[in-house]
Every structure is written in C-alpha cells, then in structure tokens.
> 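Okay, here's the structure, questions in a sec.
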Amino acid sequence: MSDRSVSVVIAYHSGYGHTTRMAEAARDGAASVKGAVVQLISVETLTDEQWAALDAADAIIFGSPTYMGSASPAFHTFAHDSSGRWYAQAWKDKVAAGFTTSGSMSGDKVNTLQYFTVLAAQHGMHWVNLDLLPGTSEDELNRLGGWLGAMGQCAGDEGPESMKKSDLLTAAHLGQRVAQHAQLLRLARSAA
C-alpha cells in the first residue's frame with residue numbers, strides 16, 4: 001500500500017433513504033481523493049467480511065438519521081456490537097467523522113453528532129470536524145451551520161430525492177476531508 005492509498009468505510013443506517021443519499025455523497029467525496037478506496041456498509045446486517053473491512057480501514061465515517069434526539073436504534077446496536085473492538089482497541093488511531101439527517105431544521109442533530117464523537121473517542125479514534133463556515137443561504141455548503149459533522153434536512157413527508165443539493169455537497173466535502181486526513185496520518189506514520 002502506498003503512502004497515499006487509504007481505505008475509508010462509511011458505516012451508516014438509513015430508515016427511508018435520506019441518510020443513504022448522504023452516505024453516497026460522502027463516498028463520492030472521499031473517492032475524489034487520489035488513492036482513496038471507499039466502501040459503504042449498512043450497519044443493519046453486518047457480515048464478518050464487513051466487520052473485517054471496518055477493522056482494516058484507515059477511516060470510518062459514521063452516519064445515521066436522528067431519531068428522537070439521537071442516532072437510530074439500528075446504529076446504537078452497531079455501536080454496542082463494536083464493544084469487542086473497543087476492548088481490543090482495534091479502531092485506535094483511525095480517522096473518524098460523522099453525518100446525520102432529520103426531518104426538521106434542528107431535530108437535535110447535534111446530539112447525534114456528539115454521540116458519534118464520543119463513540120469515536122472511546123475507540124481512540126481521531127475526529128475530523130467540518131471545516132466550513134455556516135452557509136447563509138439554502139444553496140451554500142453547511143447551510144445548517146454544523147461544526148462536528150455534516151447535517152442534512154428534508155421534510156418528513158418528502159422522499160430522499162428531495163434532499164437539498166447543498167446538504168449532499170456538504171457530506172461530499174466531509175468525505176473528501178476525511179480521506180485527506182487519513183492520507184496525512186498515513187504519511188506521518190511512514191515518516192516516523
């Protein structure tokens with residue numbers, strides 16, 4: 001594996017497809033970085049091969065809709081199931097980031113992103129934040145003004161095809177940033 005080759009896994013749950021669109025955008029952003037190999041993994045039905053991909057990844061991006069002020073129950077189950085990896089410190093020093101969606105403008109999405117940061121910290125991972133100033137219109141990146149990760153919003157009665165382009169581009173930006181940080185960490189390790 002070259003110094004620039006990194007593996008990024010996007011581990012996510014999507015209830016109605018909105019979070020899947022964010023995951024795909026994050027994938028596209030990460031894949032735009034030369035040398036990044038990106039894989040989407042739905043956390044609802046993880047195989048041994050998918051767990052192995054998570055263990056081997058240089059970076060893991062967490063994604064979930066925000067339900068009742070936190071990540072979805074399916075994502076919480078995944079986090080619980082990762083406890084053996086926590087005990088073994090299998091994800092220590094990996095790069096981590098996260099994104100979330102909800103039907104309302106706030107929806108307490110920041111709580112979901114905080115949940116992801118604590119999960120990453122418990123695993124000994126390096127959190128990558130969203131380095132964008134808040135957008136001032138619906139057409140700008142980071143229109144919802146998040147700092148911990150990418151946020152998306154789509155009214156509950158609208159399908160995933162109605163997701164705002166700016167939210168998807170914000171997720172893509174985060175994916176690109178994660179892949180770049182994973183490369184920087186790999187280069188630093190090889191120089192040490």
> Is Tyr115 close to His76 at the side-chain level, that is, under 4.5 Å between some pair of heavy atoms?
yes
> Measure across Ala120 and Ala96 and return the closest heavy-atom pair with its distance rounded to 0.1 Å.
CB-CB, 3.8 Å
> Going hydrophobic residue to hydrophobic residue with side-chain gaps under 4.5 angstrom, can you get from Ile61 over to Val9?
no
> Taking side chain as C-beta onward, heavy atoms only, is Ser82 less than 4.5 Å from Leu54?
no
> For the OG1 atom of Thr117 and the CD atom of Gln122, what is their distance to the nearest 0.5 Å?
9.5 Å
> Would you kindly confirm whether Leu40 and Val95 end up in one hydrophobic cluster when ILVMFWY residues are joined by side chain heavy atoms under 4.5 Å apart?
yes
> Are the side chains of Trp147 and Pro134 in touch, meaning some heavy atoms are under 4.5 Å apart?
yes
> Treat each ILVMFWY residue as a node, draw an edge where side-chain heavy atoms are under 4.5 Å apart, and state whether Leu148 and Ile10 are in one component.
no
> To the nearest 0.5 Å, what is the distance between CD (Gln39) and CD1 (Ile60)?
11.0 Å
> Closest heavy-atom contact between Lys94 and Ala56?
NZ-C, 3.9 Å
> Looking at Ser83 and Trp86, would you say the former's side chain and the latter's main chain have a donor-acceptor pair under 3.5 Å?
no
> In Å and rounded to the nearest 0.5 Å, what is the CE to CH2 distance from Met125 to Trp91?
6.5 Å
> Do His123 and Lys92 have side-chain heavy atoms sitting under 4.5 Å apart?
no
> Rounded to the nearest 0.5 Å, how far does CG of Leu169 lie from CG of Asn142?
12.0 Å
> Taking side-chain hydrogen bond (donor to acceptor under 3.5 Å, both in side chains) as the cut-off, I'd like each qualifying pair that reaches into residues 96-107, sequence neighbours left out, listed once.
Thr19-Thr101, Thr66-Thr100, Ser102-Lys109
> Evaluate Leu185 against His181 for side chain to side chain contact (heavy atoms under 4.5 Å, CB included), listing each step before the verdict.
CA-CA 6 Å; Leu185 192 56; His181 275 70; over 6 Å; no
> Please report the closest heavy-atom contact between Ala150 and Ala171, naming both atoms and the distance.
CB-CA, 3.9 Å
> Aromatic rings Phe116 and Phe62: how do their planes relate, parallel, tilted or perpendicular, breaks at 30° and 60°?
tilted
> For residues Ile41 and Leu46, determine if any side-chain heavy atom of one lies less than 4.5 Å from a side-chain heavy atom of the other.
yes
> Rounded at 0.5 Å granularity, tell me how far OG in Ser42 sits from CZ in Phe78.
10.5 Å
> Of Arg143, His18, Lys164, Glu138, which is the lone residue that meets side chain to side chain donor-acceptor pair (under 3.5 Å) with Gln153?
Arg143
> Count the heavy atoms of every other residue, nucleotide or ligand shown that sit under 6.0 Å from CD of Glu49, and state whether that count exceeds 12.
no
> Compile the donor-acceptor pairs under 3.5 Å between side chains in residues 21-33 and protein atoms, sequence neighbours left out, one pair per line.
from: Arg21; atom 1: NH1; to: Pro160; atom 2: O; distance (Å): 2.7
from: Ser32; atom 1: OG; to: Gly29; atom 2: O; distance (Å): 2.6

> Hey, can you pull the donor-acceptor pairs under 3.5 Å for the side chains in residues 172-180, sequence neighbours left out?
from: His173; atom 1: NE2; to: Asp131; atom 2: OD1; distance (Å): 2.6
from: Arg177; atom 1: NE; to: Asn129; atom 2: O; distance (Å): 2.7
from: Arg177; atom 1: NH1; to: Asp131; atom 2: OD2; distance (Å): 3.3
from: Arg177; atom 1: NH2; to: Asn129; atom 2: OD1; distance (Å): 2.7

> Heavy-atom distance under 4.5 Å between the side chains of Thr112 and Asp108, does that happen here?
no
> Do the side chains of Leu168 and Val8 join up, straight or via other hydrophobic residues, at under 4.5 Å, putting them in one cluster?
yes
> Following the transitive rule for hydrophobic clusters with a side-chain heavy-atom cut-off under 4.5 Å over Ile, Leu, Val, Met, Phe, Trp and Tyr, establish whether Val43 and Phe99 coincide in one cluster.
no
> Should Asp58 and Arg186 be marked as a salt bridge (charged side-chain N to carboxylate O under 4.0 Å, His left out) after you check the CA-CA gap, both sets of side-chain angles, and the distance that decides it?
CA-CA 8 Å; Asp58 295 291; Arg186 178 177 286 282; 2.9 Å; yes
> For Glu158 and Cys154, which heavy atoms make the closest approach, and how far apart are they?
OE1-SG, 3.6 Å
> Out of curiosity, Leu141 CG to Thr170 OG1, how far, rounded to the nearest 0.5 Å?
4.5 Å
> Please indicate whether Trp127 has more than 12 foreign heavy atoms, meaning atoms of other residues, nucleotides or ligands, lying under 6.0 Å from its CH2.
yes
> So Met151 and Asp167, do their side chains get closer than 4.5 Å, heavy atoms only?
no
